[in-house]
Amino acid sequence: MKHLSTYLLIIFVCACARLDSNLYNPSKVTEYKFDNFNQETDISVPEQYDIDMNLVEVFDLESDDGEAKATIKGLFVGDQDLLSDPDYKVILYCHGNRDHMDYYWPRIKLLANVGSKNQYGVMSLDYRGYGMSAGKPSESGLYADVRAAINWLQSKGLSSDRLYIYGFSLGSAPAVELSVNPETLTPKKVILEAPFASAEVMVQDAALIAIPGTYVTNAKIDNANKVKSMNQPLLWLHGLDDDFLSIKTHGEVVFKNHPGPDKTALRVEGATHTNLPQILAEQNDGYDYYLTIIHDFISK
Amino acid sequence: MLTKILINTLILLILNACAASRLVEPLHQGEVQLNATFGGPLFDYDGYIIPMPLSSVTIAHGWRDNLSLHGSVHTTSAIFGVFHTEFGFTTTLYKSKNRDLALSMSPSAHFMLDKWEHHFKFYPSFDLNFFSHVLGPNKLLYAGMSNWFELSNERAHAEKQPNHWIPAFHSGLTYQPDLWNYNIELKYIAPLHSNKDIVIDYLSPTDRGALGVYLSIGRSFK
């Protein structure tokens, strides 16, 4: 018994197993295929929303989260020469946890149709470890990587009043963090689709009892708390049938905690976690309704 | 779907309250029993249905003939830096005259503390079990109910905690040919609670709760 107690104590003291790295679901590619990507994607977008590939550029970004440096891939859709134009606005799209930018390309090119085709520039990136980006995913890495994208936009002449940030699912974490704690540019408005409330909510939803999130992971993804100090207007979209991040325990908490008064909610009947734009399209004769919602929010 | 990997992630400690029944029948006075349990709720792991790899070690002591004390340490939790221990006792409430059927209760107190940010959690549980040796003197057949109680009124972000009583129904068989014992237990965990809209795909006959399977091995010291 003495030996058993000793062993258990050693296990506890030496324990270093954490589930953080498993929170991320990247996959690697050797090249981006965009419209030629023939694997499963969340949504399918008609050809009318295709983008002239001459306006699409992938480039390297250097990111440093203080613990590790990584060369990641950034993507810009639009005319880079216009980034210093005071009338040119950019949507920075922070994608979700799945795979890489090819998987999210239909969503990215859809955003390049907000207002009209290529009216807005669209910036996206693969977080470290995703797609062609080097490194290992981490929460601090998410923030550093999106910060690197913002820094690139700033270096090209973009100003804060023309930057709009859109975070989907996991991408809601850097979208909120860099809106609340900006280092360079401060996004003017924030769009969150199916956001996390926090890692702790995810744990408690599955555990039923209110065990601390630290029992499972060191990751925080604490949007629900951070959003309390968000000064920017918020557009929140969430599927009522979200089968991954419950609208009740995640999205509603984030929306409630935003101090307002400029905040807008769109709860979409029939939408799950991944198909909200497509469900809106099916319910409203095409993607224009979704694009109009985004455009109205940005331009009002 | 967002991710199966994410499902793979939270599994090890989520529902770490889950364990097989600690002690169904009180030990004889002076008897000591050491048990190791492995298993948990069944879930879809990338297309495969497997039990959560939860594990725990329990020591029980027959303080009196009808009162045994037991304490457990959740070893999987410990690997992840969470010290989860529980203490309780088991006593028989009722025995039929021919002793073919009896009823026992086992209240327990759970204490959890993580080494990362030192968050503490306490919750009680209460098990009721009908048991019988109808299959033979060295075979213990039992069925019963476990109950976990959440005492906190709040969950993350000061939201209202909706779950205060989490029941589970179980049935098991313990075979003890000699000093060693072997046990299998099946459980229907949280049958009143939705298993939708969460990151884990639990196996369940309905859209509520999860089925669980547990295996134990133990040894008595008399």
Side-chain angles (χ1 to χ4, degrees), chain A residues 1 4-5 7-9 11-26 42 96-98 169-170 194 197-218 222 224-225 241-250 253 256-257 272-274, chain B residues 1-17 32 34 57 59 73 75-85 112 114-121 123 148-157 159 161-164 166 189-190 193-200 202:
Chain A
M1 185 51 54
L4 179 63
S5 303
Y7 291 143
L8 289 172
L9 185 62
I11 288 173
F12 176 68
V13 171
C14 297
C16 59
R18 295 269 80 187
L19 301 175
D20 295 43
S21 61
N22 291 329
L23 283 167
Y24 305 100
N25 190 19
D42 277 351
N97 195 17
R98 179 79 182 265
S169 190
L170 182 69
S198 66
E200 185 157 272
V201 170
M202 195 162 53
V203 170
Q204 294 183 357
D205 279 354
L208 296 178
I209 60 175
I211 63 172
T214 49
Y215 288 6
V216 175
T217 173
N218 291 333
D222 197 0
N225 196 38
D241 295 333
D242 193 321
D243 51 357
F244 191 77
L245 298 177
S246 157
I247 184 172
K248 181 180 176 186
T249 58
H250 286 275
V253 177
K256 184 179 80 173
N257 284 1
T272 64
H273 188 67
T274 55
Chain B
M1 276 301 293
L2 229 187
T3 164
K4 286 294 178 187
I5 297 294
L6 186 51
I7 291 168
N8 304 343
T9 68
L10 299 171
I11 57 174
L12 291 176
L13 287 178
I14 284 176
L15 276 179
N16 49 15
V32 173
L34 191 64
V57 176
I59 185 166
V73 172
T75 37
T76 302
S77 298
I79 291 169
F80 284 80
V82 179
F83 183 64
H84 180 182
T85 184
M112 303 171 81
D114 75 85
K115 76 174 203 175
W116 310 98
E117 295 184 20
H118 309 121
H119 288 137
F120 177 77
K121 178 74 182 175
Y123 65 92
W148 307 319
F149 300 98
E150 170 57 87
L151 303 181
S152 174
N153 289 321
E154 285 190 351
R155 50 179 269 149
H157 311 297
E159 294 294 308
Q161 167 62 34
N163 309 308
H164 291 285
I166 302 163
I189 305 155
H193 296 84
S194 171
N195 57 24
K196 300 298 178 189
D197 306 344
I198 58 175
V199 294
I200 300 177
Y202 287 124

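Letters go in sequence order (proteins before strands), and every chain restarts at 1. As the structure is a prediction and not an experimental result, all values here were calculated from the model.
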Colleague: Is B/Phe149 close to chain A through its backbone or its side chain, or both, or neither, when contacts mean heavy atoms under 4.5 Å?
Modeller: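 It is neither, since no heavy atom gets under 4.5 Å.
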Colleague: Looking at A/Gln204, A/Glu200, A/His250, A/Lys256, which makes the most heavy-atom pairs under 4.5 Å with chain B?
Modeller: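 Looking at each of A/Gln204, A/Glu200, A/His250, A/Lys256 in turn, A/Gln204 comes out on top.
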Colleague: Evaluate the criterion side-chain contact (heavy atoms from CB on, under 4.5 Å) for residue pair B/Leu151 and B/Tyr123; output intermediate values, then yes/no.
Modeller: CA-CA 7 Å; B/Leu151 303 181; B/Tyr123 65 92; 5.5 Å; no
Colleague: Under 4.5 Å heavy-atom distance to chain B, tell me which part of A/Asp205 shows up: side chain, backbone, both or neither.
Modeller: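 Contact with chain B: backbone and side chain both.
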Colleague: Need one label for A/Lys248: side chain, backbone, both or neither, based on atoms under 4.5 Å from any heavy atom in chain B.
Modeller: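 Neither; nothing under 4.5 Å.
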Colleague: So, taking the atom named OG1 in A/Thr217 and the one named CZ in B/Phe80, what distance separates them when rounded to the nearest 0.5 Å?
Modeller: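 Spacing of OG1 (A/Thr217) from CZ (B/Phe80) equals 10.5 Å.
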Colleague: side-chain contact (heavy atoms from CB on, under 4.5 Å) with A/Asn225: which residues, sequence neighbours excluded?
Modeller: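 By the side-chain contact (heavy atoms from CB on, under 4.5 Å) rule, A/Asn225 matches A/Asp222, A/Lys228.
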Colleague: Under a 4.5 Å heavy-atom cutoff, which of B/Glu117, B/Glu150, B/Arg155 has the most pairs with chain A?
Modeller: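 That would be B/Arg155.
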Colleague: Does any N or O in the side chain of A/Tyr215 come within less than 3.5 Å of the main-chain N or O of B/Met112, such that one atom is a donor and the other an acceptor?
Modeller: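 Yes, A/Tyr215 side chain to B/Met112 backbone: donor-acceptor pair under 3.5 Å.
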Colleague: Which residues satisfy the side-chain contact (heavy atoms from CB on, under 4.5 Å) test with B/Lys196, sequence neighbours excluded?
Modeller: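 Counting only residues at least two positions away or on another chain, B/Lys196 forms a side-chain contact (heavy atoms from CB on, under 4.5 Å) with B/Ser194, B/Asp207.
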Colleague: If you count heavy-atom pairs under 4.5 Å with chain A, which of B/His164, B/Glu154, B/Lys121, B/His157 comes out on top?
Modeller: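 Top option by heavy-atom pairs under 4.5 Å: B/His157.
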